[in-house]
Amino acid sequence: SSVLDINSREGNKKEFKGPASFGLLTSRLTLEGPLFSEKTSFIVGGRTTYSDWILKKLPEKSGYKDGNAGFYDLNATINHKFDERNNLYLNGYYSHDRFRFNVDERYAYENANASVKWRHIFSDRFTGVLTAGYDHYGYNTRNTDNPVNAYSLAFRIDQMYGKMDFTHYLSDKHTLDFGASSLFYDLEPGKYLPYGGESLVKEDRMEKEKAVESAIYVGDRWDITSQLSLNVGVRYSMFNVLGPRTYNLYADDQLPSLATVTGTVDKTGAFKTYHGPEFRVSARYAFTEDFSVKAGFNTMRQNIHKLSNTTIMSPTDTWKLSDANIKPQTGMQVAAGLYRNFLNNTIEVSLEGYYKTMKDYLDYRNGAELLMNHHIETDVLRTEGRAYGVELMVKKTQGKLNGWVSYTYSRTQLRQNDPMIVTPVNNGDWYAADFDKPHDLKFVGNYKFTHRFSFSLNCDYSTGRPITLPVSKYHYGGGEFVYYSDRNQYRIPDFFRMEASFNIEPSHHLTLLTHSTISFGVYNLTGRKNAYSVYYISENGKLKGYKMAIFGVPIPFVSYNIKF
């Protein structure tokens, strides 16, 4: 549940320049410079891969020799300075990923967004930013293994938003931030269609979902003393579910199911509203210039739910808006950290801890069907959750040897405690969430032998994600059934990857028009077969488990990088 604030930088307004990189697996190019005049600049970049040839090198028995994979993305920013008080920014981004394991299965997904932002300085103490934008995400899977059963499955979510953010410098000690925002959701939960002229698949389309989320906020950044600062704020959000929609009514004293339906309702306009405040407070105290303590508390509301099907191999996560039968998620979090610099600020050390609670988090029922489910509330349950952990990072920023190492211990657990649940998952005890990975260790190191030669090493280790496994079979009533373990009782194998590269800079002459570097190294240096998925299939009456690891060999690379 991290929140990332990503801002694209402005292009160079003085000269045309940019870096480029060309390699055996990927290439990238960035260009920037003035546009028409020094008041306008642009920056545009793109990346792509052409790594299909690696899959051709896999052994025939892998089953992926005839597959392919790739991605590309494009981003662009134009900014114009009208005068000292007015700036305009235009941003756009698009990415497309695709892969297939064999000639019969295809997976693809895409992201796109565009925004326009106007920044106006009303006075030396008062500024404002107006932003409007559009976001899109969608995926499409296709299976043509049997032409009679060939199908395509698609999902998409679009968002349009507008927001106003203002900053008022009340005094040297108080900075007031306030604003308002509105976000329109347009979600197509699923579209299952026949593919090809021979397909007999019946067309199925999920009902579209729409909603508007609006909010106002105000906050104060208060520098109480030179050592102590405080940041407090409140945000009030309102979520309106929009029609036209058809939904079921269920008996109040029973869990939603097709057996407890008491009626069906057709609605238009805004037919359900959720609203409430979100509070936050954080403080920082600096004991010295190189030692400080930070702590914070905040509450949160989330109106969109992510539903992940971890039992299949394809990336078919979907999202569900809160509605008449599904409430928004709410939660609270406390966090605190110690931050200390050593050796003239060349070494940074931080230690942080956090504890978070969640309410009305959606988890699936046993035997749930998440894809193309027209009444998803009958296959999910509201649970409570908790997450806690500690993070340690040591970072060296200068010298021939630089880099960082970090270790995180974290847990994310759920529990079904609704009294209407007759048989709660794992008997009502806490169990690991799908993305619970207790241990995570990362290392990034760079060593400069000379100004021209350097070496880099990256290592990444994490605990395998939880999984529910079939542990036995039994016969009942003349049929054979599979008995599963407790929810998320086991884990897939731990993840580990190491990458090394050697970098050469042929020249440092400042008068050259271009400066270049050559990098060569190895991805997955140890050749570890990291599991992408663990799955079970029935073969000749026996249940057999398989671990799918696509790139289980070292992959060498060479790239040529140039700046001009």
*asked:* Within the 3.5 Å criterion, strictly below it, is a donor on E213 or Y185 matched to an acceptor on the partner's side chain?
replied: yes
_Donor + acceptor pair across side chains of N231, R280 (<3.5 Å)_ = yes
*With no hydrogens and no angle check, is any side-chain donor or acceptor of Q302 less than 3.5 Å from a backbone partner on I304?*
yes
_Using a 3.5 Å distance criterion without hydrogens, assess whether the side chain of Y361 forms a donor-acceptor pair with backbone atoms of R386._
no
*asked:* Over 60° means perpendicular and under 30° means parallel, so tell me whether F271 and Y247 are parallel, tilted or perpendicular.
replied: parallel
_More than 12 heavy atoms from other groups under 6.0 Å of CD on E15_ = yes
_Near-ring test F82/H80, centroid separation under 6.0 angstrom_ = yes
_Using ring pair (Phe, Tyr, Trp, His ring centres under 6.0 Å), reason through Y109 and Y107 one step at a time and then give a plain yes or no._
CA-CA 7 Å; Y109 46 99; Y107 306 91; 9.3 Å; no
*Could you tell me whether R415 atom CZ has more than 12 heavy atoms of other residues or ligands within 6.0 Å of it?*
yes
_Checking side-chain polar atoms at under 3.5 Å, does N345 have a donor or acceptor matched by the opposite partner on D290?_
no
*Mind telling me whether H439 and Y409 have parallel, tilted or perpendicular rings, with 30° and 60° as the class edges?*
tilted
*asked:* For W222, I'd like to know if atom CH2 has over 12 heavy atoms of other residues, nucleotides or ligands within 6.0 Å.
replied: no
*Got a donor-acceptor contact below 3.5 angstrom from the N344 side chain to the T346 backbone?*
no
*Around D83, counting heavy atoms of other residues, nucleotides and ligands shown, do more than 12 lie under 6.0 Å from its CG?*
yes
*Heavy-atom donor-acceptor pair, E32 side chain to F42 backbone, under 3.5 Å*: no
_Crowding at NZ, K395 (>12 non-hydrogen neighbours, <6.0 Å)_ = no
*Please work out which of the three classes, parallel, tilted or perpendicular, describes the rings of Y134 and H136, given edges at 30° and 60°.*
parallel
*Do F443 and W404 pass the ring pair (Phe, Tyr, Trp, His ring centres under 6.0 Å) test, and can you show the C-alpha distance, the side-chain angles, and the key distance before you say yes or no?*
CA-CA 6 Å; F443 170 81; W404 52 270; 8.4 Å; no
*asked:* For the backbone of D186 and the side chain of R156, can you confirm whether one donor and one acceptor N or O come within less than 3.5 Å of each other?
replied: yes
*Measure up the H120 and F122 rings against each other and bin them: parallel (under 30°), tilted (30 to 60°), perpendicular (over 60°).*
perpendicular
*Does Y236 OH have over 12 foreign heavy atoms under 6.0 Å away?*
yes
*Look at the side chain of R28 and the backbone N and O of F22, then say whether any donor-acceptor pair between them is shorter than 3.5 Å.*
no
*Have a look at S322 and tell me which of R301, H305, E209 forms a side-chain hydrogen bond (donor to acceptor under 3.5 Å, both in side chains) with it.*
H305
*asked:* Atom CZ of residue position R47 - does it have more than 12 heavy atoms of other residues, nucleotides or ligands inside 6.0 Å?
replied: no
*Once the angle between the rings of F16 and F564 is folded into 0 to 90°, is it parallel (under 30°), tilted (30 to 60°) or perpendicular (over 60°)?*
tilted
*Could you tell me whether the side chain of Q227 and the main chain of A286 form a donor-acceptor pair under 3.5 Å?*
yes
